[in-house]
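Along the sequence shown, residues are numbered consecutively beginning with 1. The figures here come from the full heavy-atom set of this structure, side chains too, leaving out hydrogens, waters and symmetry mates.
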Amino acid sequence: MERRPLIGPAQVRLEVEETTRAGALRAAADLLRGDPRVTSWDDLWTSAGERQVAELESCEVCIAHGRRGARELVVSAVRLSSPVPGQNGGSIRYVFLFGIPEAMAEEYLRAVGALVRGCRCDERLAELAGANSPADFARCVEAWIA
């Protein structure tokens with residue numbers, strides 16, 4: 001059985017106008033409303049808000065995750081039109097939100113590790129910056145984490 005992509009064009013928004021990290025996280029979470037892999041958006045959002053958010057400020061990336069409300073592993077992403085302040089004094093331009101079912105912790109760790117490695121690579125980060133459409137952005141991310 002072929003694996004369903006973790007992220008597709010419907011889970012990506014580019015050039016999002018937000019001025020806070022919280023607003024950017026909410027924009028990423030909103031992309032998962034109505035996704036069939038999410039059983040309860042409210043549970044996903046609440047659990048994502050309870051978790052410590054990882055920030056890779058050297059590459060302007062924020063990664064959050066929710067451990068409730070998802071039946072399958074799913075990822076959403078936003079690219080902000082302008083960086084917003086991070087929680088440690090750096091800035092954030094890319095926000096990724098993972099919805100993680102309890103039974104998929106290992107797959108999540110593999111995917112998030114691959115995402116972090118990709119974001120720390122200047123060439124791969126340039127791919128995200130240069131993506132002209134949600135489909136291009138999703139293809140870049142999916143290629144890293146597949």
Side-chain angles (χ1 to χ4, degrees), residues 1-80 83-121 123-125 127-129 131 133-146:
M1 184 167 104
E2 190 173 319
R3 183 182 71 80
R4 180 181 186 163
L6 301 181
I7 187 170
Q11 292 83 38
V12 175
R13 252 183 81 210
L14 304 178
E15 305 316 317
V16 172
E17 298 283 337
E18 285 293 341
T19 58
T20 65
R21 178 171 125 326
L25 282 168
R26 180 62 181 238
D30 283 343
L31 293 170
L32 297 177
R33 282 186 188 274
D35 189 296
R37 295 168 288 187
V38 176
T39 56
S40 170
W41 184 89
D42 289 328
D43 286 348
L44 177 67
W45 176 243
T46 299
S47 68
E50 294 170 352
R51 303 266 177 204
Q52 178 65 32
V53 173
E55 292 183 7
L56 309 168
E57 293 172 344
S58 62
C59 46
E60 298 184 315
V61 171
C62 173
I63 301 171
H65 66 271
R67 296 286 308 197
R68 292 190 308 273
R71 83 177 80 219
E72 294 177 43
L73 189 60
V74 61
V75 183
S76 64
V78 297
R79 182 177 71 196
L80 300 168
V84 298
Q87 62 187 24
N88 298 319
S91 61
I92 297 168
R93 177 128 194 257
Y94 305 94
V95 176
F96 297 90
L97 176 66
F98 283 80
I100 313 160
E102 290 293 329
M104 299 190 87
E106 187 175 312
E107 187 175 338
Y108 160 71
L109 291 173
R110 184 194 53 72
V112 79
L115 179 65
V116 168
R117 285 187 298 279
C119 289
R120 288 188 170 152
C121 173
E123 289 174 7
R124 287 193 167 176
L125 202 55
E127 291 176 19
L128 294 184
S133 70
D136 289 342
F137 191 100
R139 271 193 296 276
C140 288
V141 174
E142 185 67 25
W144 302 355
I145 63 178

Heavy-atom side-chain contact between [X] and [Y] under 4.5 Å:
{"X": "L115", "Y": "V141", "value": "yes"}
{"X": "T20", "Y": "V84", "value": "no"}
{"X": "L73", "Y": "I100", "value": "yes"}
{"X": "D30", "Y": "W41", "value": "yes"}

Could you check whether any side-chain N or O of S91 sits under 3.5 Å from a backbone N or O of P85, counting only pairs where one atom can act as donor and the other as acceptor? no

Is the backbone N or O of P36 less than 3.5 Å from a side-chain atom of R71, with the two atoms forming a donor-acceptor pair by type? yes

Walk me through whether L125 and Y94 qualify under side-chain contact (heavy atoms from CB on, under 4.5 Å). CA-CA 10 Å; L125 202 55; Y94 305 94; 4.1 Å; yes

Which atom of [X] lies closest to which atom of [Y], heavy atoms considered:
{"X": "V75", "Y": "I7", "result": "O-CG1, 3.5 Å"}
{"X": "I145", "Y": "A114", "result": "CA-CB, 4.0 Å"}
{"X": "A138", "Y": "P9", "result": "CB-N, 3.8 Å"}
{"X": "A111", "Y": "L6", "result": "CB-CD1, 4.1 Å"}
{"X": "E142", "Y": "P5", "result": "OE2-CA, 3.5 Å"}
{"X": "L14", "Y": "A131", "result": "CD1-O, 3.9 Å"}

What orientation do F98 and Y108 show, parallel under 30°, tilted 30 to 60°, or perpendicular over 60°? perpendicular

Out of curiosity, [X] [atom1] to [Y] [atom2], how far, rounded to the nearest 0.5 Å?
{"X": "E55", "Y": "I92", "atom1": "CD", "atom2": "CD1", "answer": "3.5 Å"}
{"X": "Q11", "Y": "R37", "atom1": "CD", "atom2": "CZ", "answer": "5.0 Å"}
{"X": "C119", "Y": "I63", "atom1": "SG", "atom2": "CD1", "answer": "6.0 Å"}
{"X": "D43", "Y": "R67", "atom1": "CG", "atom2": "CZ", "answer": "14.0 Å"}
{"X": "L32", "Y": "S76", "atom1": "CG", "atom2": "OG", "answer": "4.0 Å"}
{"X": "L109", "Y": "H65", "atom1": "CG", "atom2": "NE2", "answer": "9.0 Å"}

Ring-face cation of R117 near W144 (centre distance under 6.0 Å, axis angle within 45°): no

Taking only residues two or more places apart in sequence or in another chain, which ones pass side chain to side chain contact (heavy atoms under 4.5 Å, CB included) with E15? R79, S81, R93

